[in-house]
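Notes to accompany the following structure.
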Amino acid sequence: MQDGFLAPYKVVRVGINIDLEGWRPEKGKIDKNGQVVEDRLYNTKDYDKNIFIDERSQTVANKITEFLQKTDRFDKTIVFCVGIPHAEIMRAALANASSDLIAKNAKYVMQITGDNEEGKRELDNFIDPEQDYPVIATTSKLMTTGVDAQTCKVIVLDSNIGSMTEFKQIIGRGTRINEEYGKHFFTILDFRNVTDLFADPDFDGDPVRVKEINQYDDFETPEEEAQDDTTITDENDEDVNFDSDDDYSDPRPPGIIDSGDIQREAPQKYYVNGVNVSILNERVQYLDGDGKLITSSLKDYTREKVHQHHQSLDDFLNKWNSADKKQVIIQELEEQGIILEHFKEAISKDLDLFDMICHIAFDQPPLTRTERARQVKKRDVFNQYGEQARQVLNALLDKYANEGIENIEDIKVLKIAPFNQIGTPMEIVKLFGGKVGYNKAVNQLEQVIYAAA
C-alpha cells in the first residue's frame, strides 16, 4: 500500500443490539414454520446458521444500502455470508432495500454461490470493470479467493470468520487498484467484529503457505500451484475449501450427525420475525497496509499526509496554482493515501477540496464552493467573451458550486444540461475559438475561483 500497489482501506464497524447483547425468545415463541423456538440466549454464532431473524437481515441490508447511497450506489460490493441460505436471504433483503434499482435491472443484486447456476454465470460480469451489472454479490465461500475484483470498493463481513487464512483471502478481494475506473481505496463494513483479526499478531506474520523445495524438485507451474491452493490447511488443521460453498450434500438421513459410534440430532433451524433489531453504535477506523490502526481521526491523518509532501502553505498553493488541471493534484493526493471521498463525508460536502486541505493541514479559514462562486460573479471577469460564451462560463461556475472543480475540467461536461441546451460540444468550443481557447478560458476561470478569497 505504501508503494501504491494496493488500495488502502477504512473499516466501518456496526454494532447491532441483538449481536452485542444476545437475543432470548419470549416464552412459547413460534417461528415462521410453526416450531417453538428453543429457550436460550442466541448470539452471532447462531445467527444465520441455527436461527434466521428477518429483522436482523433487513437491518444489515438497509445499512449497506445507506452506505452506498452516501457514496455511489453502483460501487461493486461483495457481501460475505454465513452460508448459502444466508446468502439467499441477504440477496432478497438487499433487493427489498434497493427496489428502485432492482425495478430497472434485476441483476443489481445477485446471489453468487456454488448452488446458484444463474449467479455463477454472472461472476465474470461482476468482476469485469466494463460491466455495470451485477453491482452487489451475496456469497459464502465461492468468492473468497481466485476472484480478481479490480473495481470492488465495498467488502461486507456478515459471517463468522475464525480462520486467518480465509480472512486474508477475503480482504484481498478489495485491495486491487484500477486507476482507469477510479478505484483507489475500499471500505470494509464489519457487522460481526471480524476485523478484530487485524489486531492479531498473525495478521502480519508468517506467509500463510510455505512449500519446501528439495534439491531435485521442480518448481510448480502457476497452474499447478493454483491447483494446490484450492485446499489450504488453516491454523486449526481443518481443510478449508475456498472454491465451493460450505453447504454440501450429505448422504446420511436428514437430521442425523455421526460422531464416531454416536448418532445425534442436527441442530434445529428456526426462521423468526417480530424481533426488535436496531443499530447501537457505528465506529470508523483507518488502517495501514499491515492492518495497524492509523488513527481514529481522519483530520489528523490527512494533516500528517499533506505535510509529508507539502512543508508549507506556500508550497501547496504554488503547486495547486501551477497545475493546468486540478484533477492531477487530486489524484496525487489519493496516491499518497488520502481518501478524499471519505474526507468529504467527514468534513463538509459543501467545501472545495482545496479549502478542506488548506483548512485541515494549514489552519486556513475555509470558503464554501457557493461563497467562492458568488465572489466570482460579483467581479465582471467574463466581459472579453461574447454573450453565449459568458453563458457557458456562468454555467461552469454553477457546476463548480454544486459539484466541485473536478467536473468542470472534463470537456464531457458539455454533453449534459444546461450546456446541451446552448449547443453541441463542438459548437460550444467554437465560441472560444477552438479547443485551445476553451481550455484557456476554463483555466482562467479556475484562477479566478481560487483568487476569490
Side-chain angles (χ1 to χ4, degrees), residues 12-69 77-99 102 109-113 115-116 119 136-141 154-162 170 188-196 245-247 254-255 257 265-283:
V12 180
R13 293 172 60 127
V14 182
I16 297 175
N17 61 336
I18 63 171
D19 293 5
L20 301 176
E21 301 167 352
W23 177 74
R24 183 181 177 186
E26 61 268 24
K27 184 178 179 180
K29 174 74 174 179
I30 304 294
D31 80 348
K32 295 194 293 184
N33 294 325
Q35 304 173 107
V36 177
V37 181
E38 181 185 353
D39 181 13
R40 67 178 180 87
L41 189 66
Y42 294 89
N43 56 37
T44 52
K45 291 182 179 180
D46 301 298
Y47 301 146
D48 305 301
K49 183 178 181 182
N50 303 324
I51 188 163
F52 298 81
I53 301 175
D54 286 355
E55 287 79 8
R56 187 189 182 281
S57 300
Q58 197 59 59
T59 297
V60 171
N62 291 345
K63 195 64 185 176
I64 295 169
T65 303
E66 177 190 322
F67 177 82
L68 292 174
Q69 286 172 338
T77 301
I78 305 177
V79 183
F80 287 96
C81 303
V82 172
I84 290 176
H86 184 207
E88 185 178 353
I89 289 170
M90 282 307 303
R91 191 269 163 196
L94 284 161
N96 182 54
S98 302
S99 56
I102 287 289
V109 186
M110 294 290 293
Q111 176 191 342
I112 302 180
T113 52
D115 71 325
N116 190 300
I136 304 174
T138 66
T139 190
S140 176
K141 301 287 187 191
V154 184
I155 298 288
V156 179
L157 302 175
D158 196 26
S159 178
N160 302 314
I161 300 164
I170 287 174
I188 301 169
L189 296 182
D190 182 9
F191 290 90
R192 304 217 183 200
N193 291 331
V194 177
T195 49
D196 283 345
D245 287 284
D246 55 355
D247 282 25
I257 295 179
E265 289 291 323
Q268 184 68 55
K269 290 187 177 182
Y270 302 104
Y271 296 82
V272 303
N273 55 17
V275 178
N276 178 26
V277 177
S278 62
I279 291 174
L280 290 185
N281 58 58
E282 184 175 323
R283 183 174 55 174

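Atom set for the values below is all heavy atoms of this structure, side chains included, hydrogens, waters and symmetry mates excluded. Numbers for residues simply follow the sequence, beginning at 1. Since we're looking at a predicted model, the values are computed, not measured.
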Does F191 reach the side chain of V156, with side-chain heavy atoms less than 4.5 Å apart? yes
Reported OG-to-CG distance for the pair S140 and D115, which is rounded to 0.5 angstrom: 10.0 Å
Flag the pair R24 and D39 as a salt bridge only when some basic side-chain nitrogen lies within less than 4.0 angstrom of an acidic carboxylate oxygen. yes
Evaluate side-chain contact (heavy atoms from CB on, under 4.5 Å) for E21 paired with L280, printing each intermediate quantity in order. CA-CA 10 Å; E21 301 167 352; L280 290 185; 3.6 Å; yes
Should the pair Y270 and Y42 be assigned to parallel (<30°), tilted (30 to 60°) or perpendicular (>60°) ring geometry? perpendicular
Has Q58 got a side-chain atom pairing as donor or acceptor with A93's backbone, closer than 3.5 angstrom? yes
Does the side chain of Q268 come under 3.5 Å of the side chain of Q35 through a donor N or O and an acceptor N or O? yes
Donor-acceptor pair, distance only, cut-off 3.5 Å: does the side chain of D190 make one with the backbone of N193? yes
Does a side-chain heavy-atom distance below 4.5 Å link N276 with E55? no
Just checking, any donor-acceptor pair under 3.5 angstrom between side chains of T195 and R13? yes
Is there a side-chain contact (heavy atoms from CB on, under 4.5 Å) between I18 and R56? Walk through the geometry before answering. CA-CA 8 Å; I18 63 171; R56 187 189 182 281; 4.1 Å; yes
Output the distance between atom CG (L94) and atom OG (S99), rounded to the nearest 0.5 Å. 12.0 Å
Looking only at atom types and distance, does a side-chain atom of N17 sit under 3.5 Å from a main-chain N or O of S278, one as donor and one as acceptor? yes
Where do D158 and C81 land on the side-chain contact (heavy atoms from CB on, under 4.5 Å) test, with the steps shown first? CA-CA 5 Å; D158 196 26; C81 303; 5.7 Å; no
Closest approach of K45 to N160 (non-hydrogen atoms, all atoms of both residues): CA-ND2, 3.7 Å
Rounding to 0.5 Å, atoms CZ (R91) and CG (N96) come to a distance of 10.5 Å
Salt bridge present between D19 and R192 (N-O < 4.0 angstrom): no
Check whether any side-chain heavy atom of I53 sits under 4.5 Å from a side-chain heavy atom of W23, and report yes or no. yes
For residues L68 and V154, determine if any side-chain heavy atom of one lies less than 4.5 Å from a side-chain heavy atom of the other. yes
Taking atom NZ as the centre, does K49 end up with more than 12 heavy-atom neighbours from other residues, nucleotides or ligands that are less than 6.0 angstrom away? no
Do the non-hydrogen side-chain atoms of F52 and S57 ever get within less than 4.5 Å of each other? no
Any non-hydrogen side-chain atom of V277 less than 4.5 Å from a side-chain atom of I16? yes
Heavy atoms only: give me the nearest I102-V109 pair and the separation to one decimal. CD1-N, 3.9 Å
Minimum heavy-atom separation for T138 and A87, please, with both atom names. OG1-O, 2.9 Å
Working for salt bridge (charged side-chain N to carboxylate O under 4.0 Å, His left out), residues K269 and D31: CA-CA 10 Å; K269 290 187 177 182; D31 80 348; over 6 Å; no
So that I can tick it off, tell me whether K63 and E66 are bridged by a salt bridge, with the cut-off set at under 4.0 angstrom between side-chain N and carboxylate O. yes
Donor-acceptor pair, side chain of T77 and main chain of I136, under 3.5 angstrom: no
Should I64 and F67 count as side-chain neighbours, where that means a heavy-atom distance under 4.5 Å? no
Quick one, V37 with V272, criterion side-chain contact (heavy atoms from CB on, under 4.5 Å). Give me CA distance, side-chain angles, the key distance, then yes/no. CA-CA 9 Å; V37 181; V272 303; 3.7 Å; yes
For the side chain of Q111 and the backbone of G119, is there at least one donor-acceptor N/O pair under 3.5 Å apart? no
Under a 4.5 Å cut-off applied to non-hydrogen side-chain atoms, are L189 and L157 in contact? no
D46 (side chain) donor-acceptor with N50 (main chain) under 3.5 angstrom: no
